Number of protein chains: 2
Amino acid sequence: MLKSDNSQCCVDPANLERQLRRFLPQHCLLVGEEDLRPYECDGLTAYRELPLAVCLPETEAQVIDILRTCHRLGVPVVARGAGTGLSGGAMPHAQGIVLSLARFNRILRIDRLARLAVVQPGVRNLAVSEAAAPFGLYYAPDPSSQIACTLGGNVAENSGGVHCLKYGLTVHNVLRIRVVSIEGEVFEIGSEAPDAPGYDLLALMIGSEGMLGVVTEVTVRLIPKPELAQVVMASFADVARAGDAVAAIIAAGIIPAGLEMMDKAATAAVEPFVKAGYDLAAEAILLCESDGTPEEVAEEIARVTGVLSAAGASEIRVSQSEAERLRFWAGRKAAFPAVGRITPDYYCMDGTIPRKRLAEMLSAIAVMEKKYGLRCANVFHAGDGNLHPLIMYDASQPGNWQRAEAFGAEILELSVALGGSITGEHGVGIEKINQMCVQYATPEIEAFHRIKAAFDERGLLNPGKAVPSLHRCAEYGRMHVHRGDLKFPELERF
Amino acid sequence: MLKSDNSQCCVDPANLERQLRRFLPQHCLLVGEEDLRPYECDGLTAYRELPLAVCLPETEAQVIDILRTCHRLGVPVVARGAGTGLSGGAMPHAQGIVLSLARFNRILRIDRLARLAVVQPGVRNLAVSEAAAPFGLYYAPDPSSQIACTLGGNVAENSGGVHCLKYGLTVHNVLRIRVVSIEGEVFEIGSEAPDAPGYDLLALMIGSEGMLGVVTEVTVRLIPKPELAQVVMASFADVARAGDAVAAIIAAGIIPAGLEMMDKAATAAVEPFVKAGYDLAAEAILLCESDGTPEEVAEEIARVTGVLSAAGASEIRVSQSEAERLRFWAGRKAAFPAVGRITPDYYCMDGTIPRKRLAEMLSAIAVMEKKYGLRCANVFHAGDGNLHPLIMYDASQPGNWQRAEAFGAEILELSVALGGSITGEHGVGIEKINQMCVQYATPEIEAFHRIKAAFDERGLLNPGKAVPSLHRCAEYGRMHVHRGDLKFPELERF
């Protein structure tokens with residue numbers, strides 16, 4: 001099913017290696033199976049593939065030569081950052097190379113006055129904030145994987161994080177990028193000044209999942225570290241009420257720095273692991289962060305607690321120290337590994353829905369748990385309606401993964417039906433490529449293909465990812481109706 | 001010089017009219033010269049052209065039929081909102097039609113809870129905020145022309161306004177658009193939920209100056225009206241110091257709701273006209289708005305006045321009532337017409353530069369005033385480095401317009417040299433098409449052309465605007481060097 005739509009045929013691996021060795025030093029090219037193995041998948045470990053080779057260039061000139069060579073030989077290229085992506089965007093192509101940007105790991109410049117940093121794409125997300133800290137600045141988007149994930153990967157997936165409700169996704173925090181095309185041409189898009197003339201290629205590239213070009217430099221906006229941040233933690237006796245409280249906070253005109261929700265399954269997994277102090281009696285908890293000057297924070301916290309009380313919170317606590325604030329967040333940030341401790345495998349979804357439909361979605365997921373015979377812990381970036389249901393399964397049990405996948409697909413398709421989208425911040429990759437057929441009609445899919453062709457006519461950059469072929473959508477349409485009738489053998493038992 | 005790069009030839013006007021009449025009622029099609037005359041230009045009145053016809057469709061089905069007809073016959077199509085644009089983006093094509101969206105003037109839906117409005121493209125910018133006011137909401141981007149300009153035009157130009165420093169440009173406030181392609185295909189891009197999968201076509205369309213498709217519906221984000229807003233007005237004895245004060249406010253981590261600068265030439269033009277209470281002794285004044293809860297405003301105003309004092313402001317006043325706040329702004333908002341009262345003609349530029357270069361730019365403009373023998377009043381969206389120098393000239397004097405145009409071009413090209421861009425919010429249109437050759441190198445221009453071809457292969461949508469041909473850039477390069485040597489006859493006298 002996940003065979004590439006545009007798979008290339010008949011690359012001569014020996015010739016490819018010979019061509020690459022012409023300009024790549026020994027330590028920049030991996031071809032042995034044991035060396036390739038670590039690159040066989042990204043964070044979506046359910047799908048694996050060995051590439052023909054892994055290139056680890058150290059200079060932009062080498063990136064250009066690699067791309068020109070692959071273009072000439074018709075070899076697919078999958079760019080890769082830290083490989084923490086959750087949608088399989090960096091899964092290798094069996095007939096192609098992986099182009100790792102791991103050695104592009106230098107912070108080139110921090111401009112304190114203009115409040116920006118120029119970094120190479122292999123720089124880790126958190127490293128930018130660490131480097132900016134002496135100036136009282138930081139880089140706002142903070143995916144949970146920020147210790148490991150890189151800016152290049154963030155650009156490819158338009159990553160978000162807990163704080164993107166207030167501070168925006170990657171696309172709102174990148175000022176300029178330098179990109180190499182598949183033909184080896186370098187272009188720079190964006191500007192340090194606001195706006196840039198011409199079509200918005202910067203936004204087009206951000207979130208394009210390595211399918212339009214390879215980024216070799218990123219200029220990001222830095223923002224001042226707030227003087228103070230505090231978190232309100234509220235307990236709710238039912239999840240629907242917690243969902244409505246989220247909508248009420250936003251409707252009151254408050255844009256918190258973060259607004260997260262965890263259900264009982266999630267807090268039960270987290271608390272023994274992290275000891276964050278979560279209310280285990282609650283059916284759901286909300287974490288609502290306020291940041292700014294002490295006056296701003298005090299004023300906003302007062303309003304938030306007012307709204308939460310009115311919305312029926314059974315308990316409300318406000319962090320009284322930075323240590324307590326970090327402890328409250330530690331549980332949320334460790335939710336994925338914590339769930340990983342109580343189940344052999346889990347599958348993290350990433351739909352978004354309008355906030356007012358949160359309660360509805362949670363009820364529907366409860367029904368799906370019974371339907372598919374699998375548990376689900378719910379961890380949401382609730383403030384912007386971004387869901388991360390964690391479907392627990394056991395890959396060693398036959399049919400278990402297929403059920404998890406069908407469960408996930410149903411969540412995504414319900415997200416679309418509720419007026420939302422199939423991804424908030426993890427990208428489409430290979431994971432949600434079928435659901436693109438649910439999200440979009442033929443004219444939009446065709447527009448995506450025309451854009452792709454404008455940058456990569458032969459379809460060599462990350463083939464088979466993010467944008468389905470119309471043929472695939474036609475096939476999926478048939479299968480989909482089929483599934484609606486519950487004719488899938490692995491589902492018949494439920 | 002402004003002849004279209006892709007001008008079409010040989011349209012048969014009689015046949016075009018016959019084809020359009022098949023589906024357009026009498027009152028939706030103008031062909032008589034007296035009816036066409038009002039459409040000969042937009043806000044860039046220096047360039048005029050009569051189209052073959054003006055279509056005023058009332059339904060999306062008619063828009064589709066118009067575009068299909070033009071596509072079939074090879075007729076250029078220039079979409080038009082209110083015609084307030086300042087860069088000539090809606091200037092007609094002599095061999096084409098103007099497609100006016102003036103009758104798409106209905107607000108379709110306001111969702112108070114989701115905080116969004118669905119409107120037709122001919123709805124006026126201010127009308128959205130007026131319709132949202134009963135719910136305590138408004139639409140943030142506020143171009144000075146907001147009484148007249150339309151949402152469709154705002155989308156085409158990615159319009160800004162005084163408040164876009166804090167609340168973003170149009171691209172940051174539009175959630176979804178419905179677009180008809182030149183082939184008559186309808187697609188919807190964006191989502192009410194945050195982010196949407198696939199390439200960011202929404203951002204690509206916004207600011208594309210009617211060259212990729214025709215928008216028939218716009219969904220915008222509404223935000224809560226702040227409880228309070230106050231303006232600080234500060235006087236400075238020299239412009240360089242005022243420029244540095246702007247950089248200091250932003251460097252202090254303050255993002256005001258608006259941060260505007262006017263030099264003495266501008267305040268001198270405005271004050272007799274508006275009686276805003278500006279300090280006419282000052283070489284420059286800053287207007288800095290704070291909005292939010294009363295506590296937030298009080299705290300921010302205190303910090304702003306602290307920074308302004310430290311930066312050497314000679315006088316600081318804070319608006320003490322809503323009436324006074326509106327009066328302070330009235331002067332700024334009326335700056336363009338006020339300058340229009342003291343000069344037969346003026347030419348408004350729109351470059352952006354990094355904030356820290358404001359002082360440098362102002363000195364350079366003073367030198368250019370002497371070089372070109374023309375006065376210039378400076379009105380800046382200083383907070384985001386967006387310049388609106390108003391070059392005063394007299395079109396009835398031979399060579400005067402050419403000098404104004406050369407003056408403007410020099411400002412734009414200096415903007416690029418200072419690390420900025422040639423447009424902040426007015427678009428490229430025909431006005432800055434040569435400067436695109438200064439802003440970008442060949443690979444970027446080529447990428448723009450490939451994007452254009454992906455949506456409009458025959459180049460029928462707004463031909464000759466926004467993106468220059470490589471041929472034009474080559475020609476301009478030659479002319480440009482020439483100009484550098486001051487060989488232009490009309491400049492030799494200075």
Side-chain angles (χ1 to χ4, degrees), chain A residues 113-115 158 169 171-172 181 185-189 191-201 203-204 206-208 212 224 247 250-251 253 293 295-296 299 352-354 356 384-386 419-425 428 432 436 439-441 443-444 447-448 450-451 453-455 466-467, chain B residues 113-115 158 169 171-172 181 185-189 191-201 203-204 206-208 224 247 250-251 253 293 295-296 299 352-356 384-386 419-425 428 432 436 439-441 443-444 447-448 450-451 453-455 466-467:
Chain A
L113 198 58
R115 293 222 303 257
N158 191 18
L169 298 163
V171 70
H172 305 112
S181 77
E185 210 160 45
V186 177
F187 49 108
E188 271 202 37
I189 51 185
S191 155
E192 292 184 20
D195 208 17
Y199 307 124
D200 193 346
L201 298 187
L204 187 69
I206 295 174
S208 66
L212 302 182
I250 304 293
T293 62
E295 295 81 359
E296 284 168 349
E299 193 270 338
T352 71
I353 54 170
K356 61 181 171 186
D384 37 27
N386 186 194
S421 82
I422 59 172
T423 176
E425 53 181 14
V428 174
K432 310 180 192 89
M436 286 289 278
Q439 182 93 56
Y440 292 110
E444 290 89 8
F448 291 144
R450 287 197 304 270
I451 294 282
F455 286 90
V467 180
Chain B
L113 198 58
R115 293 221 304 255
N158 191 19
L169 298 164
V171 70
H172 305 112
S181 76
E185 210 160 45
V186 177
F187 50 107
E188 272 202 36
I189 51 186
S191 153
E192 292 184 21
D195 207 18
Y199 307 124
D200 194 345
L201 298 187
L204 186 69
I206 295 173
S208 65
I250 304 293
T293 62
E295 295 81 358
E296 283 168 350
E299 193 271 338
T352 72
I353 55 170
R355 279 179 299 267
K356 62 180 171 187
D384 37 29
N386 186 193
S421 82
I422 59 172
T423 175
E425 52 180 15
V428 174
K432 310 179 191 90
M436 286 289 279
Q439 182 93 58
Y440 292 111
E444 290 88 7
F448 291 143
R450 288 196 304 268
I451 294 282
F455 286 89
V467 180

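Throughout, a chain's letter reflects where its sequence line sits, starting with A, and its residues are numbered from 1. Please read all numbers here as calculations on a predicted model, not as lab measurements.
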Checklist entry - For chain A, which of B:Ile422, B:Thr293, B:Val428 has the most heavy-atom pairs under 4.5 Å? => result B:Thr293

Checklist entry - For A:Gly419, does its backbone N or O pair with a side-chain atom of B:Glu192 as donor and acceptor, under 3.5 Å? => result no

Checklist entry - Does the side chain of A:Glu296 come within less than 4.5 Å of B:Glu295's, by heavy atoms? => result no

Checklist entry - If every non-hydrogen atom of A:Ala114 is compared with every non-hydrogen atom of B:Lys356, which pair is closest and at what distance? => result CB-NZ, 4.4 Å

Item to check | Closest-packed option against chain B by number of heavy-atom pairs under 4.5 Å, given A:Gly198, A:Pro354, A:Ala466 | outcome: A:Gly198

Next on the checklist: To check you understand the geometry: which heavy-atom pair defines the closest contact between A:Ser191 and B:Ser421, and what is its length?
Outcome noted: OG-CB, 4.3 Å

Checklist entry - Checking heavy atoms, do the side chain of A:Ile250, its backbone, both or neither come under 4.5 Å from chain B? => result both

Next on the checklist: Does any backbone or side-chain atom of B:Ala441 lie under 4.5 Å from a heavy atom of chain A? Answer side chain, backbone, both or neither.
Outcome noted: neither

Next on the checklist: Against B:Tyr199, only a single residue in A:Phe448, A:Phe455, A:Tyr199 fulfils ring-ring contact (aromatic ring centres under 6.0 Å, His included); can you say which?
Outcome noted: A:Phe448

Item to check | B:Ala203 to A:Ala203 - nearest heavy-atom pair and separation | outcome: CB-CB, 3.2 Å

Item to check | Heavy-atom pair of closest approach, residues A:Ala454 and B:Ala454 | outcome: CB-CB, 4.5 Å

Item to check | Side-chain donor or acceptor of B:Gln439 paired with backbone N/O of A:Pro197 under 3.5 Å | outcome: no

Next on the checklist: At a 4.5 Å cut-off on heavy atoms, which part of A:Ala453 comes close to chain B: side chain, backbone, both, or neither?
Outcome noted: neither

Item to check | Note, A:Ile451 side chain near B:Leu201 side chain (heavy atom, < 4.5 Å) | outcome: yes

Checklist entry - Looking at B:Met436, B:Arg355, B:Glu425, B:Lys432, which has the largest count of heavy-atom pairs under 4.5 Å with chain A? => result B:Met436

Item to check | Winner by heavy-atom pair count (cut-off under 4.5 Å) against chain B, out of A:Pro224, A:Gly207, A:Pro443, A:Ser181 | outcome: A:Pro443

